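Accompanying notes for the structure given below.
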Amino acid sequence: MTMDSMRPFSKTSNREFEVILFKTQLCRFFQEGYCTRKVCRYGHGEAELRVKPDLMKTKMCHFLMDRGHCRDRKCRFAHSI
């Protein structure tokens, strides 16, 4: 498999991240007493919070894709599919 054929796997839309991360952090505006959003993507209290998913190794490494190698031993990105 070539690096170019792996490139489509590295794309994730902003909308997908919004869904994945929905209500995984507290709303800073709510904490300050003035969130005005009708549908807020952030939690309004601990009871609304969801567990933040571990996204490690779920997206292809840009260094590997662009340069053919990655030298970061702690790289949080995938190096194969």
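Remember, predicted model here, so these are calculated numbers, not experimental data. The figures that follow rest on heavy atoms only: side chains count, while hydrogens, waters and symmetry mates do not.
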> Would one find more than 12 heavy atoms of other residues, nucleotides or ligands at under 6.0 Å from atom CZ of R50?
Replying inline: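 Yes, CZ of R50 has more than 12 neighbouring heavy atoms, counting only those of other groups under 6.0 Å.
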Point-to-point distance, once rounded to the nearest 0.5 Å, from [atom1] of [X] to [atom2] of [Y]:
X   : Y   : atom1 : atom2 : result
F77 : C61 : CZ    : SG    : 7.5 Å
R15 : I20 : CZ    : CD1   : 11.0 Å
M65 : C70 : CE    : SG    : 12.5 Å

> Please, which pairs that meet salt bridge (charged side-chain N to carboxylate O under 4.0 Å, His left out) have at least one residue in residues 68-81, sequence neighbours excluded?
Replying inline: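 Of all non-adjacent pairs touching residues 68-81, none passes salt bridge (charged side-chain N to carboxylate O under 4.0 Å, His left out).
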>> Taking salt bridge (charged side-chain N to carboxylate O under 4.0 Å, His left out) as the cut-off, I'd like each qualifying pair that reaches into residues 37-47, sequence neighbours left out, listed once.
In response: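 Qualifying pairs, neighbours excluded: E18-R41.
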>> Who clusters with L26? Use side-chain heavy atoms, under 4.5 angstrom, across I, L, V, M, F, W and Y, and order the result by chain and number.
In response: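 So far as hydrophobic clustering goes, L26 is joined with L49.
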>> Could you work out, with ring-ring contact (aromatic ring centres under 6.0 Å, His included) as the rule, every residue matching F22, not counting sequence neighbours?
In response: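 Expected list: none.
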> Which residues satisfy the ring-ring contact (aromatic ring centres under 6.0 Å, His included) test with F30, sequence neighbours excluded?
Replying inline: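 Scan of F30 (ring-ring contact (aromatic ring centres under 6.0 Å, His included), adjacent residues dropped) gives H44.
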> Taking only residues at least two apart or on different chains, which pairs with a member in residues 19-35 satisfy side-chain hydrogen bond (donor to acceptor under 3.5 Å, both in side chains)?
Replying inline: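 Found K23-E48, E32-Y34.
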